[in-house]
Amino acid sequence: MDIIKIIENTIAAFFGIDAAYFALAAIGLNIQFGYTGLLNFGQSAFMACGAYGLGMTSQYFGVGMWWGILIGLALVVILGLLVGIPTLRLRADYLAIVTIATAEIVRLVVRSVRFKQYFGGSDGINSFSTSFRSLSPFDPGAQYGIRPFQYSGYSLWTMIIGWSLVVIFSFLVYMLMKSPWGRVVKAIREDEDAVRSLGKNVYSYKMQSLIIGGVVGMFSGMIFALDRGSVQPDNYSRDVTFYVLTALVLGGVAKVRGSVIGPMMFWGLYVFSDNFLRELTKDKPFNLFGIGIIQKAQVGPVNYMLIGLGLMLLMTFRPQGVFGSKEEMALDGR
Amino acid sequence: MQAEFGDEVTDTNNSKSRVFAVGRAFAVLLAAMFMFSAPGNAQAADSDNSIIVSVQNQANNNGVSEKKPVVGVKISVTNLAGVAVGEGVTDSVGSVTIPVPAKDDYVVTLDVASLPSGVTLIEGTKTVVNIVKDAFTTNAKRVTFFAGTSGESGASLMDRIAQRLVDGVRLGLIIAICSVGLSLIFGTTGLTNFAHGEMVTFGGLIAFWFNVLLGIPLLIAAPIVIALGGVLGLAMNGVIFAKLRKRGIGLISQLVVSVGLSIMLRNMYLYQFGGRTRPLDDYSLQVAKHLGPVSITMRDLSTTIISFIVLMGVAAYLQRSRTGKAIRAVSDNPSLASSTGIDTQKIIRIVWFAGGALAAMGGVFRGLDEQVGFEMGSGLIFLMFAGITLGGLGSAYGALVGGFLVGLLVELASLVVPAELKNAPALLILIIVLVVRPQGILGRKQRVG
Amino acid sequence: MDAERTYSELAQRARTALASVNASPGVAKPDPILLAENVRRNFGGVTAVDVQHLEVQRGSITALIGPNGAGKTTLFNLLTGFDTPDTGEWMFDSKNLKKVVAHKTASLGMVRTFQLTKSLTKLSVIENMKLGATHQMGEKWWNGLLPFRYRKQEAIIERRADELLKRFKLDHMRDQYAGTLSGGQRKLLEMARALMTNPRLVMLDEPMAGVNPALKQSLNEHIRGLRDDGMTVLFVEHDMDMVHDISDWVVVMAEGRIIAEGTPEQISSNPAVIEAYLGTHQGKSLLEEENA
Ligand SMILES: Nc1ncnc2c1ncn2[C@@H]1O[C@H](COP(=O)(O)OP(=O)(O)OP(=O)(O)O)[C@@H](O)[C@H]1O
Ligand SMILES: [Mg+2]
């Protein structure tokens, strides 16, 4: 077993691009779920808006990357209105149901043969990141840094942009949540009738929260797409939202720190578990105390099983995550 | 929201022992799941990484777009440099698994010359498909080529509608069966159970285990499967959700727990069963009977009739029996019901058992209808949600009516919507219902203030 | 007791106006701030509210009393837009509110509290208070990002909130989570928070339930103070002593209808009211009995 390699990979994962794009998605989800109490289970669809906005503009419209951001924003607003208008007046679970359904339909539409000429079907869209690459000050071929923090010039460039966005949005969310706007949405999370009785348009605040969170999610999708250099419909499955949610809960909902460090820890743990299990099963299947045998090919599902289990246990035993305060959680009406 | 179910919130001081008790309970469930499905291990994923190519004939036959496997098609896989990585020929289910050394970029090519005579690929389908590394979401990347002309072979519109109606009734009944439990659990406990689809999958997979791996005839196996589905429901309640209610954990948190459970179970199924879908042994080869404009196999006709009888039985049970009345009373108003002397916890257990059993039954039927696979239930959950929302969240009859209507509408809509987007109209239904009549057909509004 | 009390000019005017009003259900008032006509709400088979006509005199303290389940809370819900009636129209300050949604009624100057207190437990007491203020710049998200745009207004709001907290004897809890308040303190907080909206009509649903007697006295003073400041108060209460003590006018509901109106003295001697409370009508509708 190559322990050094596992440790190196784990440490790298804490700061990797995956943690960065997850953090962006989690910051967005935190605005919606953490602060406002909106169960947006379709964050992956907002991420797809960003990725496809970017991919489609350069692929089909032949215009620059900045237009991609604008188109992504437009898509986010449309999507937000689509899922928000019917549900935001209703109980929380309706939003969950509609967003998860919408995210699934969005994925089916973009991967469909029927709309292949726009979205590229199941192949997705490739080779749209040239203009982004050309902005990079680094030599794309060269390797920078020392192990475990060693990156190619292009990766380094996306990582810097990705983490910068994380810092920027963390700061903005921090400001927003300290403001009277943040006070209103936090109050909505607890009891929207009370807020309504004080003359606030609850519906409008929920919509704002949904869309603002969606916009941050959109940037997550863009960073992800730029890093991979391709947009793949299956990367925006509903489970992605749930993994982001798990990462957020791990860090602590309604905490800016939680939404950044949660994803870092999530990826650290995930990569650790993945590497560890792969090493364990490299030569022969691993026998887990006689109750199950893990073969090499089953490492993937086992990892995801652990994520699911982790989400359940966190929600049950430490709903405040790593950073939340137990006292706040223990107050009435959680 | 919590207060409504407040009668169960006896003690929010989470004493240490209780924490351990819940933890133990989780562990027991986990271990049970592993053990229960252990014999399936032999069936686990075929190799480390692979590309599974399937060729399906989607020809629209009299309006029925039945997927028929195309056998004996040559498929080859090369890497980006054009070096051959592997090749194979599609088997009796039109599928071929080509092992690849790693998750990487590949090119999959279909040899058009090897297509059986008279079969052509659907217009616009490429014979060469590029796979990028990231497309491997699991160890197996699936690629499907669709063959057959998509034109309607001379069937009149009325005939096509008739055929869709028949298929829609079948799908609608299955969805109704699956979602009764979902709605009743919501009604009695307030939980929106995102793991309900996994209960359906459970039914399908256990049926597969009995029928295919152990060779037990389905007619004997099915009742056992259904009972086991009930036991799974009981276990979910007893081991997880009853404990959460006792600890006074809010409904939103419970919902998120159910999401975690869904992820865990689904990947457990994937772990045991692998990523392929497979048919059950019994009744898998059927000849369609033509009755006027519509064609239906005996199998499908039987499942339709059985589903219908079961649903009528469920409705009669809820309407007439003492327990059924009690269930409706608890659904209506849990705290009121418990103050009138109904043992709510017992009712909730009954609902979970019945819900699990019905979901498993739906899983068996769905498995006969299509095939069984680790995602068969999670693919349906969204139709089930649409159904119970249409019918009215928490209303027992609502689930029956709503689920049925959604199945019917989805099939009818596929007259105009491409097959791959077949489920999209359900979303439309969902949204329209929420805008026009959020309490659904049979639901009631909630009290404020 | 009454003799010692002094009234502001506005309050005195309302009292004099009411003195000349006939004590019968649905009677018209000289200067109504709130007016409801034929408001009805059914829940399944139950008619929770069926108000033929109701007027609330501007500048008065009006009590709404009635046995449990009389429909008082439901009427509040209907008037403030939290529920929609099956039929009926109602006006606030001669503006028809039929199509007005809940949050708009509050910004029009008609604020209500809830019978089951809705303190926002995870906000601090002062944050709860500041939430009540209307027209806040910082409640627009783009301003929220620019603290300098709302800081000044926030300071003003905070001063006002602190004053109110002191009046309601909650200033020592200022920075605690509202969740740590006792039940009675939460009632106070909710009332104080409602006042932050600068309302003209305050609708209080059982403001005194669970408040200790000593504090009740001072609360009574506050409520009188509101009237003296020119606000109209409509409140639901079960404690008849308190109703007697502070209200200028009393409206009695039973089984969804208004069965009596009048000054506290007139009401306490009204046989229909006594019956409604003691339930001696034995199945017969109260109105039928009254008519007979
Ligand atoms: N959402 C609802 N669904 C069904 N019935 C309702 C609903 N809201 C109120 N009711 C019924 O309407 C009637 C009036 O209720 P309401 O809460 O208005 O009474 P109340 O006068 O405020 O009583 P209390 O003094 O006990 O607060 C009751 O019979 C109640 O059961
Ligand atoms: Mg009341």
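Just so we're on the same page: letters track the sequence lines, and every chain starts at 1.
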(request) Counting only heavy atoms closer than 4.5 Å, note whether A:Y205 contacts chain C via side chain, backbone, both or neither. (result) side chain

(request) Test side chain to side chain contact (heavy atoms under 4.5 Å, CB included) on C:H103 and A:K200 and set out the steps. (result) CA-CA 5 Å; C:H103 77 265; A:K200 320 283 180 211; 5.6 Å; no

Interatomic spacing from [atom1] in [X] to [atom2] in [Y] - rounded to 0.5 Å:
X: A:S179; Y: C:R149; atom1: OG; atom2: CZ; value: 13.0 Å
X: A:K186; Y: C:L123; atom1: NZ; atom2: CG; value: 7.0 Å
X: C:L120; Y: A:E192; atom1: CG; atom2: CD; value: 11.5 Å
X: C:Q136; Y: A:R183; atom1: CD; atom2: CZ; value: 5.0 Å

So which part of [X] gets closer than 4.5 Å to some heavy atom of chain A, the side chain, the backbone, both or neither?
X: C:T105; value: neither
X: C:K130; value: both
X: C:E127; value: both
X: C:T80; value: neither
X: C:R151; value: neither

Heavy atoms from other residues, nucleotides or ligands near [atom1] of [X] exceed 12 (cutoff 6.0 Å):
X: C:K98; atom1: NZ; result: yes
X: C:H172; atom1: NE2; result: yes
X: A:W67; atom1: CH2; result: no

(message) Just so I understand: if I count every heavy-atom pair under 4.5 Å between each of C:G144, C:A194, C:S107, C:G81 and chain A, which residue has the most?
(response) C:G144

(request) Determine the option with the most heavy-atom pairs under 4.5 angstrom with chain C, choosing from A:L172, A:V185, A:D191, A:V173. (result) A:D191

Where is the tightest heavy-atom contact between [X] and [Y], given as atom of each residue plus distance?
X: A:W181; Y: C:K140; value: CD1-C, 4.0 Å
X: A:P180; Y: C:Y150; value: CD-CE1, 3.5 Å
X: A:V195; Y: C:L131; value: CG2-CD2, 4.4 Å
X: A:L176; Y: C:W141; value: CD1-O, 3.4 Å

(request) Have a look at A:S197 and tell me which of C:R112, C:E190, C:K118 forms a side chain to side chain contact (heavy atoms under 4.5 Å, CB included) with it. (result) C:R112

